[in-house]
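Presented below is the structure to which this report refers.
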There are 2 protein chains.
Amino acid sequence: MKLLLVEDDPLHLSYLREQIGGALPECDEVFEAANGQDAEALARRHPAADIVMDLQMAGRTGIEAARTIWRERPLTRILFWSNYSDEAYVRGISRIVPMGAAYGYVLKSASEERLRLALRGIFLQNQCVIDNEVRGLQQRSLGQSGGFTESEYEVLVDIALGLTDRAIAERRGLSLRSVQNRLHQIYDKLEVSRPEAAGEEPVLNLRARAVSVAILRKLLNHGALERAEAELRGWLAGRTRH
Amino acid sequence: MKLLLVEDDPLHLSYLREQIGGALPECDEVFEAANGQDAEALARRHPAADIVMDLQMAGRTGIEAARTIWRERPLTRILFWSNYSDEAYVRGISRIVPMGAAYGYVLKSASEERLRLALRGIFLQNQCVIDNEVRGLQQRSLGQSGGFTESEYEVLVDIALGLTDRAIAERRGLSLRSVQNRLHQIYDKLEVSRPEAAGEEPVLNLRARAVSVAILRKLLNHGALERAEAELRGWLAGRTRH
DNA sequence: ACGGCGTTTGCGGGATCACGCAGCCGCAGT
DNA sequence: ACTGCGGCTGCGTGATCCCGCAAACGCCGT
């Protein structure tokens, strides 16, 4: 049994090695990568390897690496081992996991026991193991209450990037008015209402406020913004070339 | 020699204990706290203790704990040991460090050697030891180029929170026009110009774009927003009571 | 005192944004 | 076919925002 560890923090990496040694004695080969690039290359050289991977690393993200790896080999088993349970990450992952693939999501703050169970569950029993802090997010984001539609989320990201209504309309193939309607829905779900009584002067700029609470509620985070920013640059380039 | 360790991640805590055992054999008593509250209480019970502290912890932040500790005992030596080198944290610290206090700031990604040198430098030699990734930020933020005035930074935070120009003016005691001028300076320094030729339709909402860039450049982060949000609530309460 | 420089403030216009209203379309259920 | 519901769209209004212009104020150096 081969294992590929992708983690850029040496401290966490050594902890991981230790836990794996204890929990998975049937693992006889361990490879290591410190970023998404190397991870993809190593995964290609060792097609049978299971993967334990950190999200947010310098250079190529864990999510990006997972996407290309899964595209080439959809049944690869991947355990994501991350610091955060932000919706931005959970949403990113649940969008790229192929059907039938066994995967897991364990927080770094989890106990040793939880990590060991996840390792054995995924790689030996082929089950999906997801910490329930994360699981909560997952249902909420796919379910109804307080959850965001995929297209609402896209618009939310666009205003966070600083696009105008018109630019969003063009980018997403909507009319100007539809974009504004979506904004209204977003303001609703984020409870960014105007607390002032009628006749009072407004205190909040809804657009900016929405971004603020989205960040506070961890719908958005630094990594998600970086990815979106990169996509935006691509779109802008292809657009001015017209 | 007494030492107080403030760190909520057990993994990092055990690493810290180990490094201290190796680097500071003259340390004979070690106390531990997992959040800002306990840290303040423990610091009061052991007034002679030096402190190694994580920033961002659940509940009371390291910055907040440091502020109250330094207020009670300005010469306490504190080594901040943090994941990030965001300007938001650096700015927060350099605002509260009392003159004459020895303190340090090392990143968790630093080598063991760097951590050991910092421990000995601060607690035995009474010097300030600051990783130069952080040091770079510090000069840039206090210096001229690309740096932000304290008042510009305040306004930046306010728009990130979602306040209107008028509300910012009221809160900071400025005229509406002055706020807008500050916004213009901020847009300048963030290089959030309008790249379009004259007559073209604008693609960016400057206000929202500025927040986005500020986050991407790590001038703002989640923790800073949370703190600012709390202050904002306080201000709003005292204002409607009028 | 006299200019020079930066900051603050008011005024005004043009563009954008927030949003109610109304019409259009597709899609279920009776 | 009729009806109701939800999403998309255009129009119009009022508030906000962006910014150029100009006047007032403090501060510094010759």
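Chain naming here is simple, since letters A, B, ... match the order of the sequence lines and numbering starts at 1 in each.
Residues satisfying the side-chain hydrogen bond (donor to acceptor under 3.5 Å, both in side chains) test with A:R71, not counting sequence neighbours, are none. Partners of B:R77 under the side-chain hydrogen bond (donor to acceptor under 3.5 Å, both in side chains) rule, at least two apart in sequence or in another chain, are B:D50, B:N126. A:E72 pairs by the side-chain contact (heavy atoms from CB on, under 4.5 Å) definition with A:R44, not counting sequence neighbours. Listed by chain and residue number, A:R217 satisfy the salt bridge (Lys or Arg N to Asp or Glu O under 4.0 Å) test with A:E191 (two or more places apart in sequence, or in another chain). Among residues two or more places apart in sequence or in another chain, the side-chain contact (heavy atoms from CB on, under 4.5 Å) test is passed with A:Q125 by A:Q127.
One atom, CG of A:L206, and another, P of C:dG20, lie 11 Å apart when rounded to the nearest Å. Atom CZ in B:R166 sits about 12 Å away from atom P in C:dG10, given to the nearest Å. Taking atom CG of A:L190 as the reference point, atom P of C:dA18 lies 13 Å away to the nearest angstrom. Atom NE2 of B:H184 and atom P of C:dT9 are 17 Å apart (whole Å). Put simply, CZ on B:R172 is 19 Å from P on C:dT7, counting in whole angstrom units. For the pair A:L204 CG and D:dC17 C1', the computed distance is 15 Å after rounding to whole Å. Distance, A:L163 CG to C:dT16 P: 14 Å, rounded to whole Å. Per the geometry, CG belonging to A:D158 stands 17 Å off P belonging to C:dT16, to the nearest Å.
Mapping B:N181 and B:Y187 onto DNA chain D via the closest heavy atom, the residue that lands nearer the 5' end is B:Y187. Nearest-nucleotide positions on DNA chain C for B:L176 and A:L183 put B:L176 closer to the 5' end.
Using modelled atom types and a 3.5 Å distance limit, the side chains of B:S85 and B:E133 yield no donor-acceptor pair. Using a 3.5 Å distance cut-off with no hydrogens or angles, the side chains of A:Y89 and A:Q56 do pair a donor with an acceptor.
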- Note on the structure: Each base of DNA chain C marked ( ) or [ ] if paired in-strand (Watson-Crick or G-U under 3.5 Å), | if paired to another strand and . if unpaired gives |..|||||||||||||||||||||||||||
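In terms of polar N and O atoms assigned as donor or acceptor, the side chain of A:R177 comes within less than 3.5 Å of the base of C:dG20 in a complementary pairing. Taking 3.5 Å as the limit, the base of C:dC19 and the side chain of A:Q180 contain a donor-acceptor pair of atoms between them.
Nearest to the side chain of B:N205, among D:dC8, D:dC19, C:dC17, sits C:dC17.
Between C:dT9 and B:S175, a contact under 4.0 Å exists linking OP1 or OP2 to a side-chain N or O. The shortest distance between the side-chain N/O atoms of A:R182 and the OP1/OP2 oxygens of D:dC8 is below 4.0 Å.
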